[in-house]
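The block underneath contains the structure these notes are about, expressed in structure tokens.
Positions are given from 1 along the sequence.
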Amino acid sequence: CFRYIELSNGLKALLISDLTQSESNREPVAKEEEDSGEEEDGDSESTNEDSNCSAAALCISVGSFSDPADLPGLAHFLEHMVFMGSEKYPAENGFDAFLKKHGGSDNASTDCERTIFKFDVQRKYLREALDRWAQFFIGPLMIPDAVDREVEAVDSEYQMAQPLDSNRKEMLFGGLAKAGHPMSKFFWGNAQTLKNEPREKNIDTYERLREFWRRYYSAHYMTLAVQSKGFIFMSFLFGSFHSGQPRADFSDLQDPFDTPDFNKLYRVVPVRKIHALTISWALPPQGKHYRVKPLHYISWLIGHEGAGCVLSLLRKKCWALALFGGNSESGFDQNTTYSIFSVSITLSDEGFQNFFQVIHIVFQYLKMLQSVGPQQRIYEEIQKIEANEFHYQEQMEPIEFVANICENMQLFPKEDFLRGDQLMFEYNPEVISAPLTLLTPATANILLLSPEHDGHCPLNEKWFGTQYSVEDIPEEYRDLWAGDFPLNPDLHLPAENRFIATDFTLKTSDCPDTDFPVKIIDNERGRLWFRKDNKFKIPKAYARFQLLAPFIQESSKNLVLFDLFVNILAHNLAEPAYDADVAQLEYMLFPGDHGLFIRLKGFNHKLPLLLNLIVDHLANFSTAPNVFSMYIEQLKKTYYIILIKPDRLGRDVRLQILEHHRWSVMQKYEAIMADLGVTDLMDFVNRFKAELFVEGLIQGNFTSAESKEFLQYFIEKLQYNAPPAEPPVLFRVMELPQTHHLCKVQSLNKADTNSEVTVYYQTGLKNLREHTLMELLVMHMEEPCFDFLRTKETLGYQVYPSCRNTSGVLGFSVTVETQATKFSTDFVEGKIEAFLVSFGEKMVNLSDEAFQTQVTALIKLKECEDTQLGEEVDRNWFEVVTQQYVFDRLNKEIEVLKNVTKDELVSFFMEHRHASSRKLSIHVVGFGEKEKETHGDDQSSSSPESQDTGRKTSSYGDVSELIFLPASPVLAKASRITDIRAFTSSLNLHPYHKILQ
């Protein structure tokens, strides 16, 4: 049920009564008068329904486009600051602490023209949560001390964003806008724009924040969505939101680019070693045409991967690996001043060498679309697919649903709040033709990213430091594209889609109903689990399989060949399976540690057709030498990209230490540099297909008889043999020594200031009770960790504790992502230790009431009903893929929580805090002044490139070996790990372990 309200101060609200949580049969109400009171939401007794989450979201129609010229990033900074206490609830982290205590979460985001705040919480506590949350907009504290500290979090967020090519490309693209257009603003904000420069210019950031809040955080710019059981609203609270001044109107600033400067070629040096081409056009804003969605129609065609389309032709030439076409619908891509239409292509090495011909193929396809005009058949096919998905969509998480709805309330009339962003309402060829005719070579902007540009780009973008150059399009192509160039006969419209579902019948079960999956096949070649859905009652299903082949882990070479196999299999499937993909039949192939994962979901009517297609291609796998070479080069880039990210490198190092026989990404990178050929791959694939154990799970709208046919098709088509013994699905894990060890490695991206510190404590082989205790402990730890390490110490934007289940071995960790420009990793580790000391004191002094509140919150979270079938499938698939099969694990954990004591939890934590704890610290050290203070010039001189003075300076570091750094005197007591293999060779090895009881 939905109820729409407009308050006298201008705030618009949509109240959503969740009937999945309620027995209410009230009809939907759509009122526009002011709410005169509050609807009752039932009595206050705690029931199972209390465990279901309620949520609220508020969208304010102001964003970074409204930043003042002298304070870039102010809108983003204000989004941070309003959450740091209010006049009524002054505790800085009070709201986060309240939500954590009651199983909730919150988040916020700033876009170009909108800012969204959202939270969820157990239903019983929604009223108090709404009061606390509303106070941020009624009377935020924003005290000067908090302003000084929180600017560091904004700065850390900016520095974490710097190594991402998508952000760098957006900032560079925005910088091309003509003077005065808001597209060119620096939206992120950092310490320079929000603290250092304002001080130099005597600008009072604190006062300007309050001024911005008074002007723009106004009720008449706000739309609110609240979802709960029954209608819950407090008009007296939201009615007290103030009304500010008129905001800036950007709708008269259309056409952000000066055309003569726009038609250029921009060469860019990316962070990742990839070749990528982006062709973009700035179009008149298209939001008002939401009923037709012309850009969706065009992007559906330009991004099509079937025969006759751009990517199909480029793949045949081995020039491209992927293509995205369209408008992302982010505020940067779609706003009141313009709509961006982009075609982004991931190029192969050969495609990079022929990039002008790639551009020409895109222009030829667009010209073909313009010449044939909009096609009603194709529009109605897309319309039918979108309508099917809308009608049978699974329920979203409440927090995501209300966030989506409150934004839709800014964009569409109230009759389309729920559907305006999803449905294609009416075919209008004139509306589609208008933007289509503007996609011409003369108005295109061309960005070409490649590591080959390194050292050849003299210009630097101001904020992210992106190296780029600008050049004219060569006369040969300028003349070609200015004229009436011929169409390409290989490019044509896609054929009719055979994967669109037409049968939505809910099947009658052919076996007794069960709460959990049951085993319906179990033999030496495979095992199948099945559960018929009788709860969500939608004509969809999930099918998941793992194809286990233990020889994959024999060598790093095998793992590389496995990655190649899965990538090329996906390449071979891309064109024949694309119709299934656009018809809302999703599939994913993933190379796991011990075998191939195949995941499918969507309308059950055509799902068997898709699975058969995948198995057929698996059975008949082959590849051409040029495709093999293209994916060898792409995989080198993929491994490189993983290794230059501090968080991914840190994980790789940690698991290489902990898991026996785990091959690192660096070892795979080394293996792929060897001379591999098509014969190596085909030998590997034939061995893979010869001996397998296939295990699967089918859930949804299938019968057990139909489900058995899935596994039977694998067996019949692949004709594989059973392995001599059932393959392992876990690693064996090293038992860490009873002392502190430190593994400190240098980041492999010399241009990256970001560091990561993870302090891990290994608990050992434990049962379900201890694993549940650890989950409770980490839940207790989350808010104090954030408050201590981020809010007060300002160490970084991302700080978090984690419950670690490493192949069945229990542990926990605390991670801080920081910057070497601000703190050394040794200093950060000292602060993590200080946090753990203070947390231990907090636990010892924890009141019985506070302890019980947290226990209850975790119980309620585990009692929360699934909002969609996929959540249940994920939980059951974890049990299958780890071969534990404890499908009622949640119930068992709840029983543990009901009799756990505070003393037991405190003792459990303290067991990790003595001198003989099994403690492992992993540091990935970024490049910056604070690390130079610790290591002098050790960092830079450790790089092989810098030792060779004859080589040109490169932006790209060597990723073929780890560079181990010494600890400072602060961590002198820790035992250093400088040779992982030597260290682990002396350790005891845990047996395989599963958490069964």
Side-chain angles (χ1 to χ4, degrees), residues 152-153 155-160 162-163 643-658 736 739-761 785-786 788-790 792-802 804 812-837 919-943 957 959 961-978 980 983:
E152 297 301 332
D155 189 71
S156 291
E157 191 177 355
Y158 154 73
Q159 292 203 43
M160 286 175 66
Q162 278 190 308
L643 289 167
I644 63 170
K645 293 180 177 179
D647 59 330
R648 298 295 296 272
L649 180 61
R651 178 184 184 274
D652 200 42
V653 169
R654 177 171 55 82
L655 292 181
Q656 197 184 350
I657 291 170
L658 293 175
L736 290 176
T739 184
H740 181 197
H741 278 78
L742 168 67
C743 187
K744 186 175 182 180
V745 301
Q746 182 172 286
S747 170
L748 299 176
N749 179 0
K750 295 188 295 182
D752 193 354
T753 65
N754 290 290
S755 301
E756 184 186 78
V757 178
T758 294
V759 180
Y760 166 78
Y761 289 86
C785 177
F786 186 92
F788 189 104
L789 297 173
R790 177 176 150 170
K792 291 187 170 65
E793 296 292 343
T794 66
L795 295 179
Y797 182 68
Q798 292 277 17
V799 304
Y800 53 91
S802 302
R804 299 285 183 188
F812 80 89
S813 65
V814 177
T815 298
V816 173
E817 297 179 17
T818 189
Q819 286 79 40
T821 50
K822 300 177 180 181
F823 304 104
S824 72
T825 58
D826 292 9
F827 177 83
V828 170
E829 167 130 357
K831 291 297 182 183
I832 292 175
E833 174 61 24
F835 159 68
L836 291 171
V837 169
K919 179 180 177 182
L920 174 65
S921 298
I922 305 292
H923 294 200
V924 179
V925 180
F927 290 82
E929 308 85 73
K930 293 299 178 181
E931 292 297 347
K932 282 188 178 177
E933 291 172 11
T934 304
H935 301 292
D937 292 328
D938 284 356
Q939 267 192 300
S940 55
S941 64
S942 297
S943 168
V959 297
E961 64 175 340
L962 290 173
I963 298 165
F964 295 92
L965 296 172
S968 67
V970 179
L971 294 179
K973 291 182 180 178
S975 300
R976 284 179 64 212
I977 300 172
T978 55
I980 292 174
F983 171 68

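For the pair Lys744 and Glu829, the salt-bridge criterion is not met [side-chain N within less than 4.0 Å of a carboxylate O].
We find the CG-OG distance between Leu971 and Ser824 to be 8.5 Å, quoted to the nearest 0.5 Å. Interatomic distance, Thr978 OG1 to Leu742 CG, rounded to the nearest 0.5 Å: 10.5 Å. Taking CG of Leu962 as the reference point, atom SG of Cys743 lies at 7.0 Å (rounded to 0.5 Å). Here OG1 of Thr794 is found 10.5 Å from CG of Leu789. Values are rounded to the nearest 0.5 Å.
Looking at Gln819 and Met160, their side chains come closer than 4.5 Å, going by heavy atoms from C-beta outward. For the pair Gln746/His935, no side-chain contact is recorded, criterion being any heavy-atom separation below 4.5 Å from C-beta on. Tyr760 has its side chain within reach of Leu658: a pair of non-hydrogen atoms, C-beta onward, lies under 4.5 Å apart. Between Lys822 and Asp155, some side-chain heavy-atom pair lies under the 4.5 Å cut-off. Side-chain contact between Asp752 and Ile644 is absent, with no heavy atoms from C-beta onward closer than 4.5 Å. Put simply, the side chain of Ile977 reaches to within 4.5 Å of the side chain of Leu920, judged on heavy atoms. Side-chain contact between Glu931 and Phe927 is absent, with no heavy atoms from C-beta onward closer than 4.5 Å. A heavy-atom distance below 4.5 Å is found between the side chains of Tyr761 and Lys919.
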Exercise answer: donor-acceptor pairs, residues 645-657 side-chain atoms, under 3.5 Å, sequence neighbours excluded:
residue: Asp652; atom: OD1; partner: Val665; partner atom: N; Å: 3.3
residue: Asp652; atom: OD2; partner: Val665; partner atom: N; Å: 3.0

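A distance-only check finds a donor-acceptor pair linking the side chain of Asn754 to the backbone of Gln159 [under 3.5 Å]. Not one N or O on the side chain of Ser755 forms a donor-acceptor pair closer than 3.5 Å with the backbone of Thr818.
Listed by chain and number, the residues in a salt bridge (charged side-chain N to carboxylate O under 4.0 Å, His left out) with Glu933 are Lys930 (sequence neighbours excluded). Under the ring-ring contact (aromatic ring centres under 6.0 Å, His included) criterion, His741 pairs with Phe983, sequence neighbours left out. Every residue meeting the ring-ring contact (aromatic ring centres under 6.0 Å, His included) condition with Phe788, not counting sequence neighbours, appears here in chain and number order: Phe835. Under the ring-ring contact (aromatic ring centres under 6.0 Å, His included) criterion, Phe786 pairs with no residue, sequence neighbours left out. Contacts of Tyr797 classified as ring-ring contact (aromatic ring centres under 6.0 Å, His included), with partners at least two apart in sequence or in another chain: none.
The nearest pair of heavy atoms linking Glu817 to Tyr800 is OE2-OH, 3.6 Å. For the residue pair Gly796 and Ser156, the shortest heavy atom distance occurs at CA-OG, 3.6 Å. Of all heavy-atom pairs spanning Gly926 and Ser747, the tightest one is CA-CB, 4.1 Å. Here the closest non-hydrogen pair linking Val970 and Asp826 is CG1-O, 4.3 Å.
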Next on the checklist: Quick one, Thr815 with Glu756, criterion side-chain hydrogen bond (donor to acceptor under 3.5 Å, both in side chains). Give me CA distance, side-chain angles, the key distance, then yes/no.
Outcome noted: CA-CA 7 Å; Thr815 298; Glu756 184 186 78; 5.5 Å; no
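Between His740 and Ser921, the side chains place a donor N or O and an acceptor N or O closer than 3.5 Å (distance only, hydrogens not considered).
The only option from Val759, Thr825, Thr758 that meets the side chain to side chain contact (heavy atoms under 4.5 Å, CB included) definition with His923 turns out to be Thr825.
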